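Naming convention: chains lettered A, B, ... in sequence-line order (proteins, then strands); numbering from 1 in each chain. Keep in mind the model is a prediction, meaning the values are calculated, not measured.
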Amino acid sequence: MSGTGECITAGTSLLLGLAAGFIMHRSDFCMAGMLRDLFLFRSTFKLRILLLTVLAIMVLIEAARQAGLIYLFPFPGFGSSSLANLVGGMFFGVGMVLAGGCVAGTLYKMGSGKIVSAVAFAGLIVGSTLYAEFHSVWKSFADTVRILPGKVTLAQFVGLQQGTVISVIATLLAIPLFRWWRAGKLVRSSAADGYLQPWRAGLMLALLVTVSVLIIGIPLGITTSYAKAGAWIVSLFAPGHAEGLSYFKARAFDYPNHLLGITYSGGPGPACDTISLIQFPLIGGLIAGGFLSVRLLGEFKIHARVPRSQYLSAFIGGILMGLASRMAPSCNIWHILGGLPVLAIQSILFIVGLMPGAWLGGRLLTGIVLKD
Amino acid sequence: MQVKEIDMRGQICPSSLLMALREINANKLALRSGVIRLSFLSDNRDSTATIPESAANMGYEVSVIKEADSYRIDVFAKPDEMEKRTA
């Protein structure tokens, strides 16, 4: 695990995470907020930015694919869809709103000194680990409600070329975005120091996702490693129990990286495999990126005097996100910034589920957590 | 003018905006007549955009000042609004 390919993988992931964490902090690129604000405040500004980001990734990845720069397509990790994707998305939506940020938002906010996000992070690990306890039941449910076997993308489902379907959808997205751009609806004024306009941040993140696909072969994803971290903890205190859990023996990825001449193989089990090389540096980078940004601005300060209901909300939200990211499987970053731009059916179902989940999360947040 | 300070530092997102809207609504009359100024202390950078945006839409004047590690967002009546009410 110490060859050049492995070093490039870990280094690339670290730099991508660092850049993403910095960019997200400077622009308040909170993906949980993008959906939550739609229901809570009827605000669509952040959602417009998300659409721009998805469109940019869509165009960049399709261009790279047409240029023959992408060896494995559909990306490893995406498979046939199931209604479990939808149910997972729904739980994830509730969790990310209660936690005050998604899996990536939790990391950069934690790096910037938010204690509630650190609590959500702990919840994420607990939830991802809890999933291992009922993985076999959930897997059999997911297999039972599997739909469109063998069809990974929308293009495969409708029987058209990927390029044709992407061109149509990209054009449909570009029309309203162009109108919003001309009307100045993609720009917002902020008095925050070093503020990065979210539309710029979206384009930068699109580049980072494309770099990840070109070098590592898959879009950004981190949640398998939350389960892996939990597996390590369980195996430390109850090695026999960890050994008996089938989920910890599962393989999340097993694919060759032709560019670097190595094979990525591994899963959520408590082993130091190539998944650790991809995801742990990315997680560390996201935290460090948020920390670096806030330190350079001189805004780092830990404020722990927060109502207990908010700590509880963050923890429960983290658990729900952790559970849901295994049930779906995977998280919003993977599906929205990775699967949706290539029109993966799994990701479309996840996002369909995410909407009512975010709505319900908003209701719980305002009705219970922030009531007083 | 009385200043009511609300410390929202460290809180979960979007608590800052929700709390601010709640305080603005609860102190509507005093705010409009210029008796009170609401001063929100937040470390949530997003609040420097969302609170001023919402308060301005409700017809208030807003100022944002960076103070060490956080932002002070003041919401108060527009001068012409105060003149109208005191006339």
Side-chain angles (χ1 to χ4, degrees), chain A residues 25-30 32-33 36-37 40-41 43 45-46 96-101 105-106 109 112-117 119-120 188-196 198 293-295 297-307 309-314 317 362 365-366 369-372, chain B residues 3-28 31 37-79:
Chain A
H25 179 260
R26 286 298 172 104
S27 60
D28 303 306
F29 201 92
C30 176
R36 178 202 61 213
D37 290 0
L40 224 50
F41 306 113
S43 165
F45 173 75
K46 289 175 181 171
M96 72 178 186
V97 173
L98 289 180
T106 296
K109 287 176 186 179
S112 72
K114 284 268 186 191
I115 296 289
V116 280
S117 297
V119 171
R188 112 178 309 176
S189 64
S190 169
D193 250 9
Y195 186 66
L196 178 65
S293 170
V294 81
R295 284 289 290 180
L297 292 167
E299 293 177 10
F300 186 83
K301 183 84 187 274
I302 292 173
H303 298 282
R305 288 186 64 182
V306 175
S309 60
Q310 293 191 23
Y311 280 122
L312 190 64
S313 174
L365 196 71
T366 50
V369 183
L370 305 174
K371 197 175 179 187
D372 300 317
Chain B
V3 178
K4 183 176 180 184
E5 188 179 284
I6 301 111
D7 189 351
M8 309 186 296
R9 290 175 296 177
Q11 296 207 10
I12 202 167
C13 204
S15 169
S16 305
L17 178 57
L18 286 167
M19 271 180 80
L21 292 175
R22 202 175 288 167
E23 287 292 337
I24 291 170
N25 284 325
N27 295 281
K28 196 158 63 178
L31 261 176
R37 167 192 283 254
L38 296 176
S39 192
F40 301 102
L41 209 52
S42 175
D43 61 350
N44 180 4
R45 291 165 53 82
D46 199 32
S47 300
T48 66
T50 56
I51 296 177
E53 209 171 84
S54 303
N57 285 340
M58 292 158 92
Y60 297 105
E61 195 81 26
V62 187
S63 76
V64 184
I65 301 162
K66 185 173 177 179
E67 283 186 0
D69 51 50
S70 52
Y71 292 89
R72 184 175 291 280
I73 305 161
D74 281 5
V75 177
F76 46 97
K78 287 183 174 173

- Task: Counting only heavy atoms closer than 4.5 Å, note whether B/L21 contacts chain A via side chain, backbone, both or neither.
- Result: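 Side chain of B/L21 only, per the 4.5 Å heavy-atom cut-off to chain A.
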
- Query: Given that the side chain runs from C-beta out, which part of B/S15 has a heavy atom under 4.5 Å from chain A: side chain, backbone, both or neither?
  - Reply: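 The answer is both parts of B/S15.
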
Side-chain contact test, heavy atoms from C-beta onward, threshold under 4.5 Å: evaluate it for [X] versus [Y] and give yes or no.
X: B/Y71; Y: A/E299; value: yes
X: B/D7; Y: A/R305; value: no
X: B/D69; Y: B/R9; value: yes

- Task: Under 4.5 Å heavy-atom distance to chain B, tell me which part of A/A304 shows up: side chain, backbone, both or neither.
- Result: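 A/A304 has no heavy atom closer than 4.5 Å to chain B.
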
- Proximal component of A/R36, with respect to chain B [non-hydrogen, under 4.5 Å]: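 Answer is side chain: those atoms of A/R36 sit under 4.5 Å from chain B.
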
- Message: Give me the atom names and distance for the closest heavy-atom approach of B/N44 to A/K114.
- Response: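 Heavy atoms only, the tightest pair is CB-NZ, 4.5 Å.
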
- Item | Under 3.5 Å donor-acceptor, A/R26 side chain and A/S293 backbone |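 Yes, A/R26 side chain to A/S293 backbone: donor-acceptor pair under 3.5 Å.
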
Pick from [options] with the largest number of heavy-atom pairs that fall under 4.5 Å of chain B:
options: A/Q310, A/K301, A/R188, A/H25; result: A/Q310
options: A/T366, A/I302, A/L297; result: A/L297
options: A/Y195, A/F41, A/F300; result: A/F41

- Task: Enter the distance from B/I51:CD1 to B/I73:CD1 here, rounded to the nearest 0.5 Å.
- Result: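 Answer for the CD1-CD1 pair, B/I51 versus B/I73, is 4.0 Å.
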
